[in-house]
Asks: 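Can you keep this structure in mind? I'll have questions shortly.
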Amino acid sequence: MFKRILIANRGEIAVRVIRACRELGIEAVAVYSEADRSALHVREADLAVPIGPAPAAESYLRIDRIIDAAKRTGAEAIHPGYGFLAENAEFARAAARAGVKFIGPSPEAIEKMGDKVEARKLMQAAGVPVTPGSPDTLESEEEVRAYVKKLGLPVLLKAAAGGGGKGMRLIEQEKDIPEAVRRVVSEAKASFGDGRFYLEKFLRRPRHIEVQVFADTFGNTVHLGERECSIQRRHQKLVEESPSPFLTPEMRERMGEVAVRAAKAVGYVGAGTIEFLVDAERNFYFMEMNTRIQVEHPVTEMVTGFDLVKAQIEVAAGRPLPFTQRDISQRGWAIECRIYAEDPANGFAAAPGQISWLKAPEGPGVRHDCGVYAGGEVSNYYDPLISKLLVWGRDRSEALARMRRALDEFEIAGTLTTNLDFHRWLLRHPRFIAGDIDTHFLDQEYRPSVLASSSKLDDPVELAAVLAAAWSSEYAVARHDGVGGGKTDRAGSMWKMAGRFELMRP
Amino acid sequence: MFKRILIANRGEIAVRVIRACRELGIEAVAVYSEADRSALHVREADLAVPIGPAPAAESYLRIDRIIDAAKRTGAEAIHPGYGFLAENAEFARAAARAGVKFIGPSPEAIEKMGDKVEARKLMQAAGVPVTPGSPDTLESEEEVRAYVKKLGLPVLLKAAAGGGGKGMRLIEQEKDIPEAVRRVVSEAKASFGDGRFYLEKFLRRPRHIEVQVFADTFGNTVHLGERECSIQRRHQKLVEESPSPFLTPEMRERMGEVAVRAAKAVGYVGAGTIEFLVDAERNFYFMEMNTRIQVEHPVTEMVTGFDLVKAQIEVAAGRPLPFTQRDISQRGWAIECRIYAEDPANGFAAAPGQISWLKAPEGPGVRHDCGVYAGGEVSNYYDPLISKLLVWGRDRSEALARMRRALDEFEIAGTLTTNLDFHRWLLRHPRFIAGDIDTHFLDQEYRPSVLASSSKLDDPVELAAVLAAAWSSEYAVARHDGVGGGKTDRAGSMWKMAGRFELMRP
Amino acid sequence: MRYFVSVDGTEHELVVESVKGNEVVLTLGERRFEASVINVAPNAFSVLVDGRSFDLLVSRVGRELIVSSRNGSRRVSFASARGASRGAAVGAGAGRLELRAMMPGRVVDVMVAPGDEVEAEQGIVVIEAMKMENEVKTPKTGKVLEVRVRQGQTVEKGDLLAVIE
Amino acid sequence: MRYFVSVDGTEHELVVESVKGNEVVLTLGERRFEASVINVAPNAFSVLVDGRSFDLLVSRVGRELIVSSRNGSRRVSFASARGASRGAAVGAGAGRLELRAMMPGRVVDVMVAPGDEVEAEQGIVVIEAMKMENEVKTPKTGKVLEVRVRQGQTVEKGDLLAVIE
């Protein structure tokens with residue numbers, strides 16, 4: 001087993017990997033940018049190496065500096081987390097060249113799955129269903145027209161090198177074809193330096209359901225069931241659960257079997273995810289493979305009982321998988337809410353800031369994977385994920401009730417805005433409770449006004465409490481300004497100066 | 001189902017019950033003494049009623065005031081938690097008279113199990129093995145001598161009304177009999193107003209293993225497996241786990257079956273625990289029944305997946321048990337460490353105080369049931385339990401590693417002393433790791449010096465870090481004293497005044 | 001002390017009648033509340049009102065306070081839309097200060113006359129509303145230019161009471 | 001700044017050489033450390049030394065500091081068993097102050113002579129130890145009664161250097 005591992009990441013996933021290291025008796029090396037000197041992952045690590053200025057391009061994306069940090073600290077392996085360099089084949093190669101084990105699949109597997117057209121071809125060859133579409137990249141409007149005739153509208157034009165919603169165009173009418181082609185080619189060239197594109201049948205209101213796969217170097221490849229990830233905004237997941245309320249046991253088995261076939265087709269090693277779109281008729285289509293650990297991996301951990309990050313490290317160290325397909329079963333139900341520093345009332349715009357108070361939910365069935373702390377901050381340089389709040393329940397109904405309880409317990413204050421109220425609304429939405437969701441759920445159901453109306457104070461007692469607290473807080477500030485000194489006052493002494501307080505700060 | 005429940009307790013168990021209420025959509029009413037106005041259970045509750053001065057005898061033990069609080073708030077049921085009035089039959093009767101449902105067994109069941117001699121007789125009649133001893137109370141030295149002859153030495157003389165280690169005497173030699181009898185009678189009269197006593201064979205180095213039972217009002221009585229509770233100091237448990245590393249599946253089944261029989265013998269309803277002593281030859285003997293939820297119930301929740309407090313409420317509301325014996329199985333391994341404000345270097349003496357900083361462990365497999373918060377305190381009026389730290393792992397080895405990781409992550413600061421370092425030592429002890437424990441483990445293995453030696457700093461880098469932090473803290477204090485004003489300084493500004501700092505405070 | 005308080009855009013009138021230890025007596029509309037308020041931790045307040053327990057977090061964002069609880073977050077601001085921040089709505093133009101009624105009620109006393117010199121926090125008019133007499137004070141030192149109400153008169157919220165310069 | 005520091009009963013000598021922003025340079029025995037120290041939260045310090053990361057909590061209990069980390073808790077106190085708290089061990093008897101060497105080393109300079117009037121914080125003797133020159137200062141204003149060492153002499157820890165009255 002490794003003695004020391006460098007974690008080429010930050011935030012909650014870096015802390016998650018540090019915890020896995022610690023449980024395995026491995027020393028964890030953090031890397032950090034200038035903005036992250038006092039970040040949680042630096043505090044929790046055994047060693048910490050600065051790798052450059054705050055912008056990710058000058059630090060967390062600097063392959064040279066990270067490899068150098070690994071060599072200088074004697075790290076024997078690198079865990080890339082998710083995001084940043086996690087799916088960068090060049091990074092995996094650079095690690096190999098430096099004699100440091102990359103905890104993930106081979107650079108070749110990363111590359112094969114990174115090119116969407118290549119991946120589709122590979123998957124089709126392996127008998128994995130893909131969305132109906134063009135088998136290869138297209139060259140002209142004419143080719144597009146031919147496929148539209150064959151598949152019917154609507155279709156989706158996609159850049160072969162695309163990702164993150166860029167280089168993608170929906171065609172609903174035939175007359176839109178010329179402009180769509182021009183736009184996709186131009187966006188793809190601008191964003192990825194690669195104008196190739198292809199075409200897929202557009203599924204209306206599909207579900208996003210993915211299957212966790214795992215493979216070791218001994219040829220064992222298993223799946224650990226599915227995750228339902230249909231609650232998304234701007235193509236980014238907000239809430240995930242396992243199992244999916246939509247799948248039948250037969251479908252779960254079929255999708256699992258297909259996912260294992262997909263992983264084997266690229267000689268996959270380690271943890272990976274096969275993302276599928278599922279239509280209302282329960283047809284499922286390969287969308288893409290994520291060749292890394294995912295944000296939402298804990299829901300799978302909670303229902304299967306396996307620690308996927310520890311398993312990643314064990315597999316990378318050349319050990320066989322600690323479980324076989326027969327050992328894997330789902331018990332109960334897990335849900336994850338991603339707690340972001342963002343403003344749901346303002347298009348989910350990032351709203352980072354200082355955290356003056358943080359009290360996370362605790363108690364039965366609650367897991368909190370957090371990347372920050374009270375006194376720290378959510379930096380505006382990076383993804384504004386505060387933490388992942390997870391619950392487990394015997395069944396979906398208990399998990400829902402528990403998540404509502406946990407969300408209500410969550411306390412965070414500071415100069416940031418969070419999406420807690422959004423989650424409180426979602427977890428009480430009748431369609432969500434019924435499991436009736438798809439990737440367009442939020443487009444259909446969510447308006448900023450739903451949050452405002454849910455916080456209307458028609459209870460005068462609660463209003464009195466809110467005002468008493470607000471007034472007291474203002475009062476404490478005024479007192480502090482006027483009299484100076486001292487920490488926040490505690491009970492009793494707080495009101496002593498009442499007589500001096502004359503004017504409320506506007 | 002109830003709409004509103006009063007919780008006749010405080011601390012972590014009150015918060016635990018509030019969480020269960022919230023998940024069931026029930027309003028929770030807290031009661032609080034004058035010392036607890038800002039305690040966590042008051043903050044978390046929906047309603048809160050003051051019930052008197054700080055001493056428990058004037059508040060948490062005042063049946064009249066608690067029943068009155070229930071009536072005034074319209075609470076339909078009372079959850080007694082553990083300790084205080086939880087095993088007080090009179091309290092259960094007073095609740096019934098007031099038309100408030102007592103969440104627990106009948107007053108008769110509480111009473112039958114409360115009298116140790118009566119309970120032994122009942123259990124023997126039901127075919128439950130009890131420690132060899134006198135079948136009834138004894139009257140004279142002569143009777144004691146007769147049983148000593150029959151059972152052999154050593155024997156334990158115990159007050160029939162006893163508890164908490166009072167009115168108990170070990171007899172190792174025959175010549176000690178007269179004094180032992182005199183002392184037990186006199187202590188028992190003084191402590192319980194009841195001089196009756198009986199005699200049991202004394203087991204050397206037994207394990208304390210208990211079985212969780214549960215019964216509804218429809219005659220369903222099940223067990224949920226065992227808990228190993230052998231790590232004790234002053235007859236009080238410190239660390240518990242489930243399953244027990246000592247039991248074989250056959251023994252688990254037999255003990256479970258006996259425990260169910262014991263519960264049925266008193267017409268038990270609700271959650272209860274049958275405590276057994278188990279000797280090295282795997283003989284097990286009934287010790288006593290706890291007719292309430294126990295501190296360590298979460299280890300059972302974590303391996304069985306059932307929420308025992310919610311089940312208590314459901315059963316009290318007249319619903320059938322949400323599980324049958326067939327639904328119950330143990331998955332993985334759970335361990336609980338009780339985090340106390342106490343000084344293990346000083347005979348585990350209570351060491352309560354203010355909490356200025358608290359950051360509990362989080363992440364995979366960790367559960368934290370906490371009764372306090374950063375900014376609050378551990379009161380010197382009550383049990384100095386801060387929280388219960390629990391972990392779950394696939395197997396005992398993963399659970400041990402995870403608990404070590406979680407303990408290492410635990411941050412608490414203030415004027416209190418905790419037993420965290422004690423747990424860190426215990427979880428690394430070879431005998432504990434091997435599961436080779438009994439109720440005398442700490443007597444044999446623990447000396448205050450083991451903690452001191454484990455914290456020796458032979459690493460100069462770590463010593464430098466410790467001194468840098470200590471000096472900086474002193475510096476910040478000195479600066480604060482000298483210059484006044486302001487909150488704790490953050491990075492950067494902290495050292496501005498370096499030039500002014502001349503003298504370290506002694 | 002009397003305030004206009006905006007909660008999620010809706011204006012409320014808050015009167016802090018007394019503060020004693022942790023006990024605060026508030027009047028809100030026609031209802032009077034006795035609240036026990038404890039600052040349990042930085043930003044965190046435990047408030048008991050009418051036997052109910054509220055655990056509230058208060059953060060400042062710009063000029064607003066965000067008060068959050070189990071039931072969601074509220075934006076609270078002590079300055080009304082019309083710029084009021086004390087006993088009455090204050091509309092100042094080039095040193096001119098307009099005192100306006102912050103609630104409907106009856107004028108029970110007029111304590112100044114045009115031409116009077118007044119000091120900051122001096123009472124100008126007393127309005128009876130919600131069974132309570134509320135003294136409207138001037139926030140600034142100056143001279144009374146106009147008095148627009150007389151004793152016994154009924155005023156609506158926002159009516160001009162007096163002008164101070 | 002120089003200190004005797006007791007950690008779990010063992011005495012260490014700590015020299016804080018410089019403080020610049022969050023960077024503190026320490027000398028401990030013969031080793032010099034550059035530490036980055038950040039007060040990340042009340043009581044909590046993040047310390048990086050030699051590339052290693054330490055997350056330390058500091059609480060005050062009486063005259064001691066409890067410094068705890070993942071590796072356990074330590075009791076730290078800045079007053080030595082002999083009552084020293086500054087550049088040298090100070091043993092005072094009825095206004096008489098004994099300056100003692102706080103480490104073994106070589107006297108490289110004697111800056112005063114018997115009879116000199118000295119001011120608090122004035123340098124008395126310079127001792128070279130651990131490749132560094134350390135100036136021993138008097139904590140109090142007074143008169144030099146005796147000087148017990150001369151330039152070039154070797155001293156042991158605890159040796160008497162000078163007496164000030």
Side-chain angles (χ1 to χ4, degrees), chain A residues 351 353-354 356-357 359 374-375 405 407-418 420-421 424-425 451-457 459-477 487-499 501-506, chain C residues 1 3 5 7-10 12 14 16 18-24 26 28-29 31 33 35-61 63 65-79 83 85-86 121 139:
Chain A
Q354 294 290 325
S356 54
W357 174 253
K359 186 166 177 300
R405 186 271 288 175
L407 286 166
D408 289 355
E409 242 176 85
F410 207 120
E411 297 185 357
I412 184 163
T415 62
L416 75 183
T417 301
T418 76
L420 277 169
D421 282 353
R424 290 173 182 140
W425 165 81
L451 302 188
S453 70
S454 79
S455 80
K456 273 271 156 57
L457 285 182
D459 174 353
V461 179
E462 186 172 358
L463 179 62
V466 165
L467 291 179
W471 182 81
S472 303
S473 170
E474 283 294 66
Y475 173 74
V477 168
K487 306 156 206 155
T488 305
D489 285 274
R490 281 186 56 79
S493 68
M494 185 178 169
W495 305 106
K496 256 187 239 156
M497 312 301 296
F501 181 72
E502 297 281 309
L503 181 64
M504 190 58 76
R505 304 210 311 178
Chain C
M1 286 166 281
Y3 312 93
V5 191
V7 179
D8 288 343
T10 306
H12 300 270
L14 170 71
V16 177
S18 74
V19 178
K20 199 176 146 189
N22 302 308
E23 309 299 319
V24 183
L26 306 170
L28 202 61
R31 280 184 67 175
F33 297 95
S36 156
V37 184
I38 296 198
N39 188 198
V40 291
N43 298 66
F45 292 85
S46 169
V47 183
L48 301 186
V49 194
D50 272 12
R52 287 172 60 192
S53 173
F54 299 90
D55 198 35
L56 298 161
L57 281 182
V58 184
S59 319
R60 173 175 288 280
V61 174
R63 290 166 63 97
L65 298 173
I66 310 299
V67 182
S68 38
S69 74
R70 286 189 285 277
N71 301 325
S73 300
R74 281 88 193 195
R75 293 174 177 270
V76 177
S77 113
F78 277 84
S85 68
R86 316 179 199 182
E121 297 308 310

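A note on names: the letters A, B, ... follow the listed sequences, proteins ahead of strands, and every chain is numbered from 1.
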Asks: Report yes or no: does A/Asp421 contribute a side-chain atom to a donor-acceptor pair with the main-chain N or O of C/Ser73 at less than 3.5 Å?
Replies: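 Yes, because the side chain of A/Asp421 sits within donor-acceptor range (under 3.5 Å) of the backbone of C/Ser73.
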Asks: Hey, what's the ring geometry for A/Trp471 with C/Tyr3, parallel, tilted or perpendicular (30° and 60° as the breaks)?
Replies: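 Geometry flag for C/Tyr3 against A/Trp471: tilted rings.
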Asks: Please look at A/Leu420 and chain C and tell me whether the side chain, the backbone, both or neither of the residue comes under 4.5 angstrom of a heavy atom of that chain.
Replies: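 Neither part.
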Asks: Please classify the contact between C/Ser18 and chain A as side chain, backbone, both or neither, with a heavy-atom cut-off of under 4.5 Å.
Replies: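 Contact with chain A is absent: no heavy atom of C/Ser18 under 4.5 Å.
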Asks: Report the option among C/Val49, C/Val76, C/Asp50 that has the most heavy-atom pairs separated by less than 4.5 Å from atoms of chain A.
Replies: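 When all of C/Val49, C/Val76, C/Asp50 are compared, C/Val49 has the most.
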Asks: Just by modelled atom types, is the C/Ala44 backbone N or O under 3.5 Å from a matching donor or acceptor in the C/Asn39 side chain?
Replies: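 Looks like yes, one N/O pair under 3.5 Å.
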Asks: Looking only at atom types and distance, does a side-chain atom of C/Arg52 sit under 3.5 Å from a main-chain N or O of A/Glu462, one as donor and one as acceptor?
Replies: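 Not at all, since once roles are kept as given, no pair shorter than 3.5 Å links the two residues.
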Asks: When only pairs under 4.5 Å are counted, which of C/Val67, C/Leu57, C/Val58 shares the most heavy-atom pairs with chain A?
Replies: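 Among the listed options, the one with the most contacts to chain A is C/Leu57.
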